[in-house]
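Here's the structure, in structure tokens; my notes come after.
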Amino acid sequence: MITSTVDVPEQLAAFLRARRERLDPRDFGLPSRRQSRRTPGLRREEVAELAGISVDYVVRLEQARGLRPSADVVEALARALRLEPDERSYLYGLARQRPRDDDKPATTAESSLARLVDDLSPRPAMLMNHRYDVLAWNDEMARLFLDFGTLPPSRRNAMWVCLMHPDMRERYVDRDRVVREGVAHLRTAWAAHPDDQVLSDLIAECVSLDAEFARLWAAQDVKVNARGRKSLRHPDAGVIEVQFETLRPLQDPDQLLVIHRAADDESQAALDALLA
């Protein structure tokens, strides 16, 4: 029954029961004779043994007694019930927990998203992960900003490029704001991915090498800036104002698609001349 409010413990209980009952005991090497099983699927004690938790805990979860399982318990239940990725995410959501593999960033572009970046031409576009690592970019992005292919993979990071690359340090007309917002975004990502050692190492490197970054990091500002406007000082095309929009694909939430377009007629003319 659908009501005006969601009874989360009841929905969690119903989901666990449904997924337990759909399992075939034969897949686990268990007897499936009808006379030995009065209900379909696995028994609660079998799920408890597979998950490494007590039978009483499984019973209380399935009876909607208001328990909130930990992330470890949720993961154990997901494995025991052989949940599909979407089902696992749903179970984590019901339990108000975050999947552990959310801390595993994308290090290569998903193939369909890489093709989409190319298909967005002539709009400059790129694909990043939560660290600001640039995973894919189109030719227009390379002409407007930087050809990331000229950098070693470990340096294809938008924050590092903005701070350290000699050709990019003066590229932003409003560089102070861009760096400030970038640091605030990076702090948000760092809090969401506390076990990402590569991200922590990147932050430590930026703090040690760039005084501006260190000052802004110490300010504790937090902000996710998924859309906005930037002013670029291009050596061949002059000042170009661009608007950007950041999209997060549902199937690959750690891959961020960033799309740019000219913000005014003058910038559009300059961009067209640059890309011609």
Side-chain angles (χ1 to χ4, degrees), residues 1-28 30 32 37-106 110 113 129-131 184-196 199 220-227 245-257:
M1 179 181 298
I2 303 298
T3 61
S4 58
T5 59
V6 176
D7 187 329
V8 174
E10 184 59 45
Q11 292 299 316
L12 175 61
F15 183 70
L16 290 174
R17 289 195 302 268
R19 291 304 174 268
R20 174 174 61 82
E21 292 172 357
R22 76 174 183 177
L23 295 173
D24 189 337
R26 292 172 296 183
D27 293 338
F28 298 84
L30 300 170
S32 60
R37 292 181 180 272
R38 292 175 294 178
T39 58
L42 298 187
R43 297 188 179 101
R44 286 169 174 166
E45 56 265 29
E46 292 167 341
V47 171
E49 183 177 357
L50 289 169
I53 59 180
S54 70
V55 178
D56 178 65
Y57 196 85
V58 174
V59 170
R60 285 187 290 160
L61 281 174
E62 289 197 2
Q63 292 180 347
R65 297 191 192 176
L67 299 179
R68 182 184 174 185
S70 68
D72 288 337
V73 170
V74 172
E75 186 61 35
L77 286 169
R79 288 197 303 267
L81 297 172
R82 298 187 176 181
L83 298 185
E84 296 293 333
D86 290 343
E87 295 171 330
R88 175 175 172 270
S89 296
Y90 179 72
L91 180 60
Y92 268 95
L94 287 175
R96 301 296 191 268
Q97 299 289 353
R98 187 163 62 89
R100 294 293 174 82
D101 59 6
D102 278 3
D103 289 332
K104 298 177 182 178
E110 201 283 325
L113 293 176
N129 62 15
H130 69 262
R131 298 173 184 157
H185 178 100
L186 208 60
R187 178 173 282 282
T188 304
W190 174 73
H193 302 269
D195 297 326
D196 186 347
L199 176 58
Q220 300 284 331
D221 291 335
V222 177
K223 183 179 181 180
V224 175
N225 196 28
R227 66 167 56 96
E245 188 79 27
T246 306
L247 307 177
R248 186 187 300 272
L250 288 176
Q251 289 294 107
D252 301 279
D254 194 55
Q255 302 201 21
L256 307 176
L257 179 63

[X] side-chain N/O to [Y] backbone N/O, donor-acceptor pair under 3.5 Å:
X      : Y      : answer
Arg17  : Glu62  : yes
Arg68  : Ala95  : yes
Gln255 : Glu110 : yes
Arg96  : Gly93  : yes
Arg248 : Pro253 : yes
Gln97  : Pro69  : yes

Looking at every heavy atom in both [X] and [Y], which two are closest together, and how far apart are they?
X      : Y      : answer
Tyr57  : Ile53  : CD2-CD1, 4.2 Å
Leu67  : Arg60  : CD1-CB, 3.6 Å
Val8   : Leu94  : CG1-O, 3.2 Å
His130 : Leu186 : O-CD1, 4.3 Å
Ala13  : Leu61  : CB-O, 3.2 Å
Asp254 : Ala106 : OD2-N, 2.7 Å

Got Val55 and Val47 here, is their nearest side-chain heavy-atom distance under 4.5 Å?
no
4.5 Å side-chain heavy-atom contact, Asp27 and Arg82
yes
Greater than 12 external heavy atoms within 6.0 Å of Arg227's CZ:
no
Contacts of Tyr90 that satisfy ring pair (Phe, Tyr, Trp, His ring centres under 6.0 Å) - sequence neighbours left out
Phe15
Steps toward side-chain contact (heavy atoms from CB on, under 4.5 Å) verdict (Leu77, Leu83)
CA-CA 9 Å; Leu77 286 169; Leu83 298 185; over 6 Å; no
How far does [atom1] of [X] sit from [atom2] of [Y], to the nearest 0.5 angstrom?
X      : Y      : atom1 : atom2 : result
Leu256 : Asn129 : CG    : CG    : 7.5 Å
His193 : Leu199 : NE2   : CG    : 8.0 Å
Gln251 : Asp86  : CD    : CG    : 6.0 Å
Glu21  : Leu81  : CD    : CG    : 11.0 Å
Lys223 : Arg187 : NZ    : CZ    : 16.0 Å
Leu42  : Arg22  : CG    : CZ    : 11.0 Å

List the steps, then state whether side-chain contact (heavy atoms from CB on, under 4.5 Å) holds for Arg44 with Val58.
CA-CA 7 Å; Arg44 286 169 174 166; Val58 174; 4.1 Å; yes
Run the side-chain contact (heavy atoms from CB on, under 4.5 Å) check on Glu75 and Arg88 step by step: do they pass?
CA-CA 8 Å; Glu75 186 61 35; Arg88 175 175 172 270; 2.9 Å; yes
From CA spacing to verdict: side-chain contact (heavy atoms from CB on, under 4.5 Å), Glu45, Glu49:
CA-CA 6 Å; Glu45 56 265 29; Glu49 183 177 357; over 6 Å; no
